[in-house]
Structures are given as C-alpha cells and as structure tokens.
Amino acid sequence: MSRIGALEVRDAVLDAGSFRSWDGPPLDVGAGERYRGEHAAAAAKTGLDESVVTGEGTVFGRRVALVLCEFDFLAGSIGVAAAERITAAVHRATAEKLPLLASPSSGGTRMQEGTVAFLQMVKIAAAVELHRRAHLPYLVYLRHPTTGGVFASWGSLGHVTAAEPGALIGFLGPRVYEHLYGEPFPEGVQTAENLHRHGVIDGVVPLDVLRATLDRALTVIADPPLPPPAPPELGPLPDVPAWESVQASRRPDRPGVGYVLRHGTTERLLLSGTGSGEAATTLLALARFGGQPAVVVGQQRVVGGSGSIPGRSAPALRVGPAALREARRGMALAAGLRLPLVLVIDTAGPALTVEAEQGGLAGEIARCLAQLVTLDTPTVSVLLGQGSGGPALAMVPADRVVSALHGWLAPLPPEGASAIVYRDLDHAPELAAAQGVRSADLLRDGIVDVVVPEQPDAADEPLQFTGRLSAVIANELHSLRAVPADDRMRARLDRYRRIGLPS
C-alpha cells in the first residue's frame with residue numbers, strides 16, 4: 001500500500017498556514033562515509049534533513065504540537081539526531097502546556113548507529129511520560145508501517161491511539177521474522193484492523209477523518225465545560241416492588257450504555273478497541289453530557305443466553321478480568337487527563353469460568369474498587385439497570401451515585417440469593433424485597449443520591465429517559481467541579497466509611 005508522508009499528515013490536520021517548525025539543524029553524530037552518503041541521499045529524496053518533523057500549528061484554532069515520522073527518510077528510523085529532535089519537541093510541548101500529536105511511521109531503531117540508537121527510545125519514552133504526568137494530552141496516529149522500538153516505546157503510550165486503515169503495525173517486522181525463523185509471519189495479525197479488534201488500539205481512522213477525530217478528542221479533553229442544562233423535574237419516587245424493577249432491568253429493549261452515549265452525549269469518541277469476548281462487556285469513551293466533558297466507562301449488558309433464569313447470560317459473556325482491566329484503564333485516563341469519570345453499571349454479574357479465575361478476576365475487582373474509591377478526579381456512578389455482584393460493586397464508590405428507577409444493586413442476582421438461602425429459585429422476589437436492592441432502598445440507605453424517573457419504564461420511553469439521565473449527570477458533574485479536590489476526596493471516603501453504621 002502507498003505510504004502517507006509526514007507533511008501530508010501535517011497539512012491534513014492543521015488549520016491552513018498555521019504550522020511553525022521547531023526544527024533546528026540536526027545533531028552531527030560523527031557517522032562514517034557510507035552512512036553520510038545514505039543520509040544525504042535520503043535528504044535529497046524527501047527534501048527533509050531527518051526522519052522526523054516537529055513543530056506546532058492550530059486545529060480549529062487550538063494550539064497543538066506535532067511529532068511526525070517520514071518513512072521515506074531511511075525507513076523513518078530513529079537515531080541519536082532524530083531522538084534529540086523528538087525529545088526537544090516533547091519537552092517544549094510540555095513547557096508550553098500543549099496537546100501533542102505523534103504520528104510514527106518507522107522501521108524502528110536506526111541500524112547504522114547500533115546500540116546507542118536503540119537506547120534513544122528510553123529518553124523519548126521518559127519525555128512522553130513527563131508530558132503525560134503534566135496532565136497534557138498525548139495522542140498517537142500510527143501510519144503504515146510502524147514496527148520495532150518505535151511501536152514498543154513512544155508509539156504505544158498514547159492516551160488515545162488510532163491507526164491508518166490497512167497499516168502494518170507490529171513489534172517485529174515481518175521481513176525480520178521470516179529471515180530469523182525461516183517462515184512468513186501469519187497474515188492478518190499485524191494490521192491496524194486486527195489490533196483494533198483485539199483492543200490494542202482505539203480505532204482505525206482514515207487520514208481525511210483524522211482532523212475531525214482530533215477535534216472531537218480535544219473538545220472533550222482540552223476545551224472548557226459549558227453551562228449545564230436545567231435539571232429535570234424528578235418528582236416523588238413511586239413505590240415500585242423490587243422484583244418488578246429486577247424484571248424491568250432485564251428487558252431486551254431497555255436502553256444500555258451504547259444508547260445513552262448515542263442519544264445523551266455529544267463529541268463522542270469511542271476508545272474501547274475490542275469487539276469480542278469478555279472485554280466487550282466494558283465500553284470506554286470520551287464524551288460530553290450537556291456540555292460537561294468526561295471519560296465514560298460503561299458495562300454493556302449481554303441479553304439472553306443459556307439457562308432458565310430470565311435475563312441470565314452465559315457465564316463466559318459476563319464481566320471478566322479483561323473487562324475490568326479496561327475499566328481501570330478508563331479510571332487512569334480520567335485521572336491522567338484531569339477529566340471527570342462517569343461509570344455506567346449494568347451487569348448480570350461476573351464471568352464464573354475457569355478462564356476468569358485463572359485470569360485473576362477477584363484481584364481485578366479488588367484493584368478496580370480500590371482505584372476508584374481513591375481516584376483523584378470527580379466521579380459519578382450511574383446504576384442504569386442490573387447491578388449484580390463484584391463487577392457492579394467495583395464501579396459504585398463514586399462522589400455521586402445516580403440510579404434509574406429500575407436500577408438495582410445486590411451481592412448476587414435474587415435467584416442466586418434464593419439458591420443460597422432456600423436451595424431453590426422460587427424465593428427470588430421475596431429476597432429482592434428483603435435485601436433492599438431497589439433504587440428507593442438504595443436512596444434511603446445513602447448508597448444512591450438521585451433516582452431518575454422511568455415513566456413507567458425506560459424501555460417504553462428511551463429517548464425521554466436518556467434526556468433526563470443525561471441532564472442529571474451533567475448537573476452532577478458541574479456541581480462536583482466546584483468542590484475542592486481535598487474536600488471531595490474526604491467526603492467520598494467518609495461516605496463509604498459510614499454506610500451501614502447507625503446514624
């Protein structure tokens with residue numbers, strides 16, 4: 001496939017005429033005659049003086065720093081001079097508090113410079129990490145091809161990472177693999193699309209869409225929040241039996257987190273790369289609720305499956321370790337970018353499988369729970385539907401907790417509690433009532449702060465319900481922004497310390 005050049009990327013993403021180069025003369029590395037000749041030939045071929053172009057420009061008026069590889073210059077390889085240019089640009093972007101777009105297209109380390117070139121990836125990675133620790137966006141667009149040490153360092157550190165369609169992306173280049181092992185690398189593995197399916201990257205984005213994608217990301221990450229919409233009228237809370245809410249939460253046509261994102265947010269940018277297996281039960285996105293920016297982590301419930309319990313999904317399709325790792329990535333992303341975090345709970349429970357146990361399910365629940373309750377950013381949890389077991393608990397302890405009328409929270413689904421207490425499933429409605437799982441009980445016990453009405457069921461009025469829910473989330477996010485960080489953390493920890501204690 002044809003390759004996209006560095007200047008082509010520059011011109012595709014920046015406002016016309018806004019680019020300013022940051023490049024000075026490249027460092028003289030004292031190379032031999034053969035290497036100097038190759039370097040001069042590459043310069044003549046490309047019109048560039050190194051394999052990297054750096055500078056700044058604007059994207060719809062916002063200042064953005066750029067680090068762009070040119071593959072036609074010695075295969076985009078990184079030696080000492082290129083690394084010095086990259087690190088200088090990253091440090092300058094950090095000092096000037098600019099978002100940074102990096103677009104590698106490289107075979108990796110420059111072999112003509114040997115091991116010293118190999119070690120340059122360390123200082124580049126360090127510069128990028130310091131940029132991230134300054135809570136500044138680091139966005140990556142991988143181009144065909146990106147392999148070796150570049151992919152294994154600054155090419156894989158993005159807050160958000162997309163790739164060119166059809167691009168060869170991988171750690172070990174296929175030509176090297178074939179020479180080393182005497183057989184070709186399996187086809188279809190080192191492609192942008194395959195890495196997206198497996199959650200390694202966040203998306204596959206054509207160059208002509210990259211500018212708009214970058215704009216959406218920066219609208220959430222970098223632009224200030226807008227005034228929230230007027231809060232909806234919530235009215236008195238109806239006395240709905242717990243079992244009725246459990247049944248309503250299991251309706252196949254009930255709006256889930258995907259529907260809420262599509263119809264209740266703007267500037268949506270999906271980051272969850274995986275489309276199959278247990279990790280697909282967690283969705284990750286950047287979005288705005290009523291003008292309020294947030295990272296969104298949402299559980300995507302799986303409807304149907306095996307067994308006689310209505311709404312029961314096959315164990316392998318429930319929340320497993322990979323899904324919880326995706327949730328923790330969302331928490332880290334929110335903290336790293338200083339964005340509020342919205343967590344949407346809607347799960348029938350954990351994946352009770354051999355693979356889940358061996359994959360460390362319990363440990364992932366524990367880490368999720370501990371990370372969330374101590375997270376240094378505003379948090380809002382939304383009990384959208386089913387809230388069963390450890391995966392639900394792991395996403396509850398936020399600054400504010402919102403529940404749909406038919407949302408519920410329990411250690412096990414009511415059928416599971418019935419099986420433990422009565423050794424049958426027949427007492428599920430009775431135990432749902434006795435355990436205090438419904439939204440009204442959670443409100444009374446201080447677990448939930450706001451209940452969003454369903455009139456009478458979100459599945460019957462999905463758009464209207466989603467509008468009310470989005471407005472409530474927006475107002476909660478807006479209110480939390482006004483609370484000093486130390487006060488917010490103190491209140492959160494005190495809240496969960498006091499739940500269940502006598503008042």
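Values in this document were obtained by computation on a predicted structure and should not be read as measured data.
Of all the heavy atoms in G188 and N194, the pair that sits closest is O-CB, 3.2 Å. L261 and A287 make their closest contact through CD2-CB, 4.0 Å (heavy atoms, listed as atom of the first residue, atom of the second, distance). Across every non-hydrogen atom of L48 and F73, the tightest pair is O-CE1, 3.4 Å. Summarising the geometry of C69 relative to A6, their closest heavy-atom pair is O-CB, 3.4 Å, with the distance given to 0.1 Å. Closest approach of A294 and L477 over heavy atoms only: CB-CD1, 4.2 Å. Considering every non-hydrogen atom in both G291 and P293, the closest pair reads O-CD, 3.5 Å.
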Would you please test E50 and D23 for side chain to side chain contact (heavy atoms under 4.5 Å, CB included) and show each step?
CA-CA 10 Å; E50 248 303 341; D23 296 338; over 6 Å; no
Applying side chain to side chain contact (heavy atoms under 4.5 Å, CB included), run through R488 and D376 and close with a yes or a no.
CA-CA 9 Å; R488 190 181 64 243; D376 188 20; 4.1 Å; yes
Show, in sequence, the C-alpha distance, side-chain angles and deciding distance for L269 and V220, and conclude whether the side chain to side chain contact (heavy atoms under 4.5 Å, CB included) test is met.
CA-CA 9 Å; L269 186 63; V220 178; over 6 Å; no
Step by step, would you call V80 with L27 a side chain to side chain contact (heavy atoms under 4.5 Å, CB included)?
CA-CA 8 Å; V80 173; L27 186 71; 3.8 Å; yes
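Ring geometry for H263 versus Y259: interplanar angle of 30 to 60°, hence tilted.
Using a 4.0 Å cut-off between charged side-chain N and carboxylate O, E70 and K45 make no salt bridge. Salt bridge D215/R62: present, at least one basic N to carboxylate O contact under 4.0 Å. Under the 4.0 Å criterion applied to side-chain N and carboxylate O atoms, E129 and R133 are assigned as salt-bridge partners.
Judged purely by atom type and a 3.5 angstrom limit, T379 has no side-chain atom pairing as donor or acceptor with the backbone of A398. Looking only at distances, no side-chain donor or acceptor of R367 sits under 3.5 Å from a matching main-chain atom of L324. Between the side chain of D346 and the main chain of Q299, no donor-acceptor pair closer than 3.5 Å is present. With hydrogens and angles disregarded, a donor-acceptor distance shorter than 3.5 Å links the side chain of R132 to the backbone of L157. Using modelled atom types, one side-chain atom of R254 and one backbone atom of L384 make a donor-acceptor pair closer than 3.5 Å. Side-chain N or O atoms of S106 include one that pairs as donor or acceptor with a backbone N or O of G76 at under 3.5 Å. Panel note: side chain T94, backbone V90; a donor-acceptor pair is recorded below 3.5 Å. A donor-acceptor pair under 3.5 Å links the side-chain atoms of S51 to the main chain of S77, judged by distance alone. Judged by distance alone, the side chain of H131 and the main-chain N or O of H91 form no donor-acceptor pair under 3.5 Å. At least one donor-acceptor pair closer than 3.5 Å links the side chain of T377 to the backbone N or O of L339.
Using a 4.5 Å heavy-atom threshold, the side chains of R325 and R329 count as separate. A heavy-atom distance below 4.5 Å is not found between the side chains of F60 and D223. For the pair R492/L375, a side-chain contact is recorded, criterion being any heavy-atom separation below 4.5 Å from C-beta on. Side-chain contact between Y181 and L172 is present, with heavy atoms from C-beta onward closer than 4.5 Å. When side chains are defined from C-beta on, V380 does not count as touching D399, because their heavy atoms never get closer than 4.5 Å. In this structure, L286 and V295 have side chains that are in contact, with non-hydrogen atoms separated by less than 4.5 Å. Looking at Q112 and H39, their side chains never come closer than 4.5 Å, going by heavy atoms from C-beta outward. Side-chain contact between L218 and V64 is present, with heavy atoms from C-beta onward closer than 4.5 Å.
Rounded to the nearest 0.5 angstrom, T109 OG1 and Q120 CD are separated by 9.0 Å. Here the CD atom belonging to Q371 is positioned 5.5 Å from the CZ atom belonging to R328, to the nearest 0.5 angstrom. Once rounded to the nearest 0.5 Å, the distance linking CD1 of I86 with CG of L100 reads 10.5 Å. Taking CG of L271 as the reference point, atom CD1 of I201 lies at 12.0 Å (rounded to 0.5 Å). To the nearest 0.5 Å, atom OH of residue Y35 and atom CD of residue E113 are 3.5 Å apart. L207 contributes atom CG, which lies 5.5 Å from atom CD of E8 (distance to the nearest 0.5 angstrom).
With V472 as the partner, the side chain to side chain contact (heavy atoms under 4.5 Å, CB included) test is satisfied by one option alone out of P232, P231, P228, P229: P232.
By the 6.0 Å and 45° rule, R3 does not stack over the aromatic ring of F71.
Remark: the R197 side chain and the T191 side chain contain no N/O donor-acceptor pair separated by less than 3.5 Å. Neither side chain, T46 nor D72, offers a donor N or O lying under 3.5 Å from an acceptor on the other.
Listed by first then second residue, pairs satisfying side-chain hydrogen bond (donor to acceptor under 3.5 Å, both in side chains) with a partner in residues 143-171 read S103-R143, not counting sequence neighbours.
A search for side chain to side chain donor-acceptor pair (under 3.5 Å) contacts involving R338 returns H135, not counting sequence neighbours. Remark: D494 engages R497 in a salt bridge (Lys or Arg N to Asp or Glu O under 4.0 Å) (not counting sequence neighbours).
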